[in-house]
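Each remark here refers to the structure printed beneath this line.
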Amino acid sequence: MDRLPRDFYSQDTMTVARALLGQQLVRDLEGQRVSGRIVEVEAYDGQQDQASHARSGPTERNASMFGPPGHAYVYFIYGVHYCFNVVTEPRGKGAAALVRALEPVVGLDEMRARRGGRDGIALANGPAKLCYALGIDRALDGTDLVEGKALWIERDEAVPDAHVARGPRIGVRGDEWALNVQWRFWIDGNAYVSK
DNA sequence: CTCTCGATGCGCT
DNA sequence: GCGCATCGAGAGA
């Protein structure tokens, strides 16, 4: 399958978030493919978005958010977990889409091993869970998803509008607008969406 | 089933 | 020092 090109990621963040549904996130682990279809995504729209890590401008932690589109932004949270985003829009915007859940496709044994023997929907139905399943950590922050060899996204089956649901983002803080805006997208009825 | 809480690094105020 | 774009274990119903 073909990788999503740079132009895909440079579109506005909501368009990218919506269009990522159904596409396949692929990790190369020492030559072994581990991948899953993206079933849930959230949009974080730059410095004006009070729920975004970009709200206070560029810092050491969020630097890759302000870099060119089509790269990974991986952050460490609660002293325990990693979460994976794709950087969107032109350099300097500070926008990204958080991948929140995957439907495992290839490398199920590897995912089970990395998830401590957990299986089925528990493998990757949350933003930190999918990072454990695919072996994503801060070493992959800033990785190029278009040209890189460790992590990329392939075009898979498109999801029709009729199967896309949307709602407020999960677990965020911020002003009323940030709390209420419907920037979480998921595949309606898909069992692998986070709880 | 639902609810609460501990883990625990580190950027930001 | 505070609080975080989370997860999973444990308690109670």
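Order of the sequence lines sets the chain letters (A, B, ...), proteins ahead of strands, with each chain counted from 1.
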key: Between P of C/dT6 and CD of A/Glu40, the distance in whole Å   = 10 Å
request  = Please measure how far the P atom in B/dC5 lies from the corresponding atom in C/dA13, and state the result in whole Å.
outcome  = 14 Å
Close side-chain approach of A/Tyr192 and A/Arg37, heavy atoms under 4.5 Å = no
message = Is any side-chain heavy atom of A/Ser35 closer than 4.5 Å to one of A/Val105?
response = yes
query = Could you spell out the base pairing of DNA chain B in dot-bracket, with Watson-Crick or G-U pairs whose two distances are under 3.5 Å, [ ] crossing and | to another strand?
reply = |||||||.||||.
ask   = What residue pairs, at least two apart or across chains, pass salt bridge (Lys or Arg N to Asp or Glu O under 4.0 Å) with a residue in residues 183-195 of chain A?
value = A/Glu40-A/Arg184
query = In residues 89-104 of chain A, which residues come under 4.0 Å of DNA chain C by heavy atom?
reply = A/Leu98, A/Arg100
Short N-O contact, A/Arg155 and A/Asp2, less than 4.0 angstrom = no
ask   = Whole-Å distance between C/dA5 C1' and A/Asp141 CG?
value = 15 Å
task = Could you verify whether a donor N or O on one side chain and an acceptor N or O on the other, from A/Gln11 and A/Asp7, lie under 3.5 Å apart?
result = no
Kindly give the atom pairs (protein nitrogen or oxygen, nucleotide nitrogen or oxygen) under 3.5 Å for nucleotides 5-13 of chain B.
from	atom 1	to	atom 2	distance (Å)
B/dT8	O2	A/Tyr78	O	2.4
B/dC12	OP1	A/Thr59	OG1	2.5

Separation between the P atoms of B/dG6 and C/dC2, rounded to whole Å = 15 Å
query = Reckon A/Ala51 touches a base, only the sugar-phosphate, or nothing at all at heavy-atom distances under 4.0 Å?
reply = base
inquiry  = I'd like to check the side-chain contact (heavy atoms from CB on, under 4.5 Å) partners of A/Arg3; sequence neighbours left out, ordered by chain and number.
reply    = A/Trp152
task = Just jot down the ring pair (Phe, Tyr, Trp, His ring centres under 6.0 Å) partners of A/Phe76, sequence neighbours excluded, or say none.
result = A/Tyr82
task = Could you tell me whether the side chain of A/Arg100 reaches within less than 4.5 Å of the side chain of A/Val39, counting heavy atoms only?
result = no
query = Does some side-chain heavy atom of A/Ile153 sit less than 4.5 Å from a side-chain heavy atom of A/Leu20?
reply = yes
query = Got A/Leu21 and A/Val164 here, is their nearest side-chain heavy-atom distance under 4.5 Å?
reply = yes
Using a cut-off of under 3.5 Å, enumerate the N/O to N/O pairs linking the protein to nucleotides 2-4 of chain B.
none

query = Is there any side chain to side chain donor-acceptor pair (under 3.5 Å) pair reaching into residues 62-77 of chain A, and which pairs are they, with sequence neighbours excluded?
reply = A/His53-A/Tyr73, A/Thr59-A/Asn62, A/Ser64-A/Asp141
request  = Decide yes or no for A/Leu4 and A/Glu154: does some side-chain heavy atom of the first lie under 4.5 Å from some side-chain heavy atom of the second?
outcome  = no
ask   = Any Lys/Arg nitrogen of A/Arg169 or A/Asp49 sitting under 4.0 Å from an Asp/Glu carboxylate oxygen of the other?
value = yes
task = Verify, without hydrogens or angle tests, whether A/Arg138 (side chain) and A/Val74 (backbone) share a donor-acceptor contact under 3.5 angstrom.
result = yes
task = Side-chain contact test, heavy atoms from C-beta onward, threshold under 4.5 Å: evaluate it for A/Val86 versus A/Leu98 and give yes or no.
result = no
ask   = A/Tyr75 OH to C/dC4 P: how many Å, rounded?
value = 12 Å
ask   = What residues join A/Ile170 in its hydrophobic cluster, counting side-chain heavy atom gaps under 4.5 Å, either direct or through other members?
value = none
request  = Treat primed atoms plus P, OP1 and OP2 as sugar-phosphate and everything else as base, then score nucleotides 8-13 of chain C 5' to 3': B for base contact with protein heavy atoms under 4.0 Å, S for sugar-phosphate contact only, - for none.
outcome  = SS----
query = Can you list, by residue number, the residues of residues 172-192 of chain A that have a non-hydrogen atom closer than 4.0 angstrom to DNA chain B?
reply = none
query = ring pair (Phe, Tyr, Trp, His ring centres under 6.0 Å) with A/Trp183: which residues, sequence neighbours excluded?
reply = A/Trp177
inquiry  = Tell me whether A/Arg115 is salt-bridged to A/Glu110, with the criterion being a basic N under 4.0 Å from an acidic carboxylate O.
reply    = no
